[in-house]
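Numbering of residues begins at 1 and proceeds along the displayed sequence. Predicted, not measured: the structure shown is a model, and the values here were computed from it.
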Amino acid sequence: MKADADPAANAAPAGLISRSHLGIEPFSLNRPASLAEAASMIAAGAWAHAGGIDVAQRLRSGEVAPSLVPLCRPGRGSADGLALLDEISLGDGVLFIGAAVTHARIESDRLVWTHRPDLADAWRTIGNVRIRSTGTLGGNLMAFDAGYDAAPILAAAGAVLVFVEPDGSERRCTVADRPRDRLLVGCEVPLAGRVVYDRSLKPVASVAVGDNHIAIGCAYPDVEVFPNGAADADAVRAGLGELADPTDDVFASTAYRRRVIEVLVGRCLQRHATGGADQGGYGDDDPPRPGAPHSDALAASGQPADSPSDGSVDIELRLNGLPLSVTVPASEMLVDTIKSRAGLGGTRVGCDQAVCGACTVLADSYPIASCSTFAWQTVGRDVLTIESGRSAAAGDVVTGPAAALPAVQRAFAELSAFQCGYCTPGLILTASALLARHPDPDRTTICDWLDSNVCRCTGYLMIIEAVEAAAAALRSAPDSAQDETQ
């Protein structure tokens with residue numbers, strides 16, 4: 001599949017506010033060869049780009065980035081000088097997690113599950129399945145959004161953040177004291193300790209309780225941290241009384257937020273005292289949750305060339321099993337490449353905020369939000385859309401989500417798991433990715449995967465039942481889905 005297109009063909013008038021990439025001011029991509037070079041670019045005003053969902057939203061809202069510095073590089077062992085950003089490793093009494101590590105990897109990584117299973121348990125609640133597969137620890141922290149989850153979890157754990165200055169020197173600080181316009185390399189979490197996190201009342205407030213610190217998210221401009229943690233209940237009550245007034249906004253009043261914080265802190269203290277998160281460790285009987293890939297596949301993509309002065313980028317990927325080579329603006333979202341350049345109309349645009357799930361496609365067999373993923377982020381990756389079943393070349397061996405897709409489609413049709421159909425492609429693709437990893441999911445797991453795919457028609461029960469039916473069909477005839485797609 002080859003598409004040669006003028007990057008300016010879809011240019012929009014300056015200032016246009018519309019869906020997807022239209023209206024984003026042009027920017028270029030910079031490719032640093034070392035951490036110090038990346039730090040210099042960021043200190044000079046370039047934007048760091050890790051998972052990039054927050055960056056996409058900022059650009060769509062009208063902010064202007066002179067250039068982006070992509071930090072997600074090929075997996076560990078890369079010779080490009082940025083491999084440390086993608087590392088999870090053990091140090092002297094600490095667990096190091098690199099800034100470009102995705103939330104999904106933290107949720108499932110063997111070292112995290114062995115040494116800090118409480119972090120893995122907390123991390124699986126962050127965002128949704130699409131955000132966890134794309135979003136990164138560093139992007140989460142350096143966006144300085146009060147609603148982001150990584151900051152309170154790490155602050156309560158007593159983590160130390162490691163930054164690189166433009167001169168190559170190292171700077172270390174707490175989560176609450178992190179600087180802006182500096183390159184975050186990663187964080188060091190003490191191996192000893194336990195954190196309990198509750199985000200059930202977001203966006204009003206979220207609370208993380210650790211052995212020695214309590215951290216509050218959503219209720220202040222940045223994470224609010226006070227000491228003593230679960231070690232001293234009297235100190236906790238005193239600390240709550242000394243906190244400044246929480247934010248008063250459209251989500252909640254100051255008084256309501258203060259009450260919610262008290263409730264969440266009480267819940268977390270009780271869970272911490274009774275054992276909190278699962279402390280089982282990692283072993284044959286305690287594998288990572290099936291909701292996340294245990295590999296570097298999501299980071300091990302190829303790389304587009306630096307964008308030239310006209311802001312275009314040459315990219316190559318595989319779309320539904322077929323090669324796609326195209327020149328696009330650096331600002332083009334994957335959904336536009338799929339719809340406008342490849343001519344595939346099944347991928348929808350809904351909220352344009354990576355929240356509703358209508359735009360879901362699979363990249364390396366994992367759900368991502370194509371409305372908030374730049375096309376160049378998928379270079380070298382395998383992207384599947386709802387059309388993937390009929391796009392496979394004759395004789396191809398179909399595995400993974402593509403093999404599960406026909407059974408899921410059939411179950412949705414037979415059990416009336418759709419009405420208007422707008423959200424249906426995203427639901428079917430997400431369910432197919434789930435069944436490829438977890439062939440016998442319980443309802444809790446199904447809901448964990450699908451709870452962020454918004455459907456205004458069905459009431460969801462038929463969707464859940466369709467996924468259960470597809471799982472049963474695949475288990476009873478494991479080769480049928482593959483046969484039907486060939």
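Using a 4.5 Å heavy-atom cutoff, the side chains of Phe418 and Cys457 are not in contact. Residues Pro246 and Ile261 are in side-chain contact: their nearest non-hydrogen atoms beyond the backbone lie under 4.5 Å apart. Side chains of Arg381 and Leu317 form no contact here, defined as non-hydrogen atoms less than 4.5 Å apart. The shortest side-chain heavy-atom distance between Leu154 and Leu141 falls under the 4.5 Å cut-off. The shortest side-chain heavy-atom distance between Leu474 and Leu435 falls under the 4.5 Å cut-off. The shortest distance between side-chain heavy atoms of Ser206 and Leu201 does not fall below 4.5 Å. Looking only at side-chain heavy atoms (C-beta outward), Leu334 and Trp376 stay at 4.5 Å or farther from each other. Side chains of Thr347 and Thr360 form no contact here, defined as non-hydrogen atoms less than 4.5 Å apart.
Within the 3.5 Å criterion, the main-chain N or O of Arg194 finds a donor-acceptor partner in the side chain of His272. The main-chain N or O of Val195 is found under 3.5 Å from a side-chain atom of Asp118 such that the two form a donor-acceptor pair. Checked by atom type and distance alone, the side chain of Ser340 never pairs as donor or acceptor with a backbone atom of Thr337 at under 3.5 Å. Between the side chain of Thr445 and the main chain of Pro441, no donor-acceptor pair closer than 3.5 Å is present. No side-chain donor-acceptor contact under 3.5 Å links Arg178 to the backbone of Ala151. Looking only at distances, no side-chain donor or acceptor of Arg257 sits under 3.5 Å from a matching main-chain atom of Thr254. When atom types are taken as modelled, the side chain of Thr102 and the backbone of Thr136 share no donor-acceptor pair closer than 3.5 angstrom. With hydrogens and angles disregarded, a donor-acceptor distance shorter than 3.5 Å links the side chain of Asn140 to the backbone of Ala150. Lys202 places a side-chain N or O within 3.5 Å of a backbone atom of Gly147 that can act as its donor or acceptor partner. Checking side-chain atoms of Gln270 against main-chain N and O of Arg267 turns up no donor-acceptor pair under 3.5 Å.
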Derivation and outcome, side chain to side chain contact (heavy atoms under 4.5 Å, CB included), residues Val361 and Thr373 = CA-CA 10 Å; Val361 299; Thr373 300; over 6 Å; no
task = Kindly indicate, with the supporting measurements, whether the criterion side chain to side chain contact (heavy atoms under 4.5 Å, CB included) is fulfilled by Tyr256 and Asp248.
result = CA-CA 9 Å; Tyr256 183 67; Asp248 186 342; over 6 Å; no
key: Worked check of side-chain hydrogen bond (donor to acceptor under 3.5 Å, both in side chains) between Gln57 and Arg60   = CA-CA 5 Å; Gln57 309 313 332; Arg60 269 199 287 251; 3.2 Å; yes
task = Go through the steps for Asp249 and Thr247 under the test side-chain hydrogen bond (donor to acceptor under 3.5 Å, both in side chains), then give the verdict.
result = CA-CA 6 Å; Asp249 59 19; Thr247 302; 5.4 Å; no
request  = Test side chain to side chain contact (heavy atoms under 4.5 Å, CB included) on Val204 and Cys218 and set out the steps.
outcome  = CA-CA 6 Å; Val204 176; Cys218 299; over 6 Å; no
query = Between Leu240 and Leu243, does a side chain to side chain contact (heavy atoms under 4.5 Å, CB included) hold up when you go through it step by step?
reply = CA-CA 5 Å; Leu240 287 174; Leu243 289 176; 4.0 Å; yes
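How far CG of Leu59 is from NE2 of His49: 8.5 Å, rounded to the nearest 0.5 Å. Between His103 atom NE2 and Arg124 atom CZ the span is 15.5 Å, to the nearest 0.5 Å. One finds the OG1 atom of Thr458 at 7.5 Å from the CG atom of Leu427 (value rounded to the nearest 0.5 Å). With values rounded to the nearest 0.5 angstrom, Leu161 atom CG is found 6.5 Å from Cys187 atom SG. To the nearest 0.5 Å, atom OG1 of residue Thr385 and atom CG of residue Asn320 are 3.5 Å apart. Here the straight-line distance linking atom OG of Ser89 with atom CG of Leu111 works out to 7.5 Å at 0.5 Å rounding.
Because its NZ or CZ atom is both nearer than 6.0 Å to the ring centre of Trp47 and within 45° of the ring axis, Arg58 counts as a cation-pi partner of that residue. Stacking of Arg456 on the aromatic ring of Tyr422 is not recorded, the 6.0 Å distance cut-off and the 45° axial limit not both being met.
Taking all atoms of both residues into account, the shortest heavy-atom contact from Arg199 to Asp149 is NE-OD1, 3.2 Å. Closest approach of Pro70 to Leu29, counting heavy atoms only: CG-CD2, 4.3 Å. Between Ala48 and Leu71 the shortest heavy-atom distance is CB-CD1, 3.8 Å. Closest heavy-atom contact between Ser365 and Pro401: OG-CD, 3.5 Å. Heavy-atom minimum distance, Arg105 versus Asp86: NH1-OD1, 2.9 Å. Here the closest non-hydrogen pair linking Leu191 and Arg116 is O-CD, 3.4 Å.
Note on Arg341 versus Asp336: no salt bridge recorded, every NZ/NE/NH1/NH2 to OD/OE distance being 4.0 Å or above.
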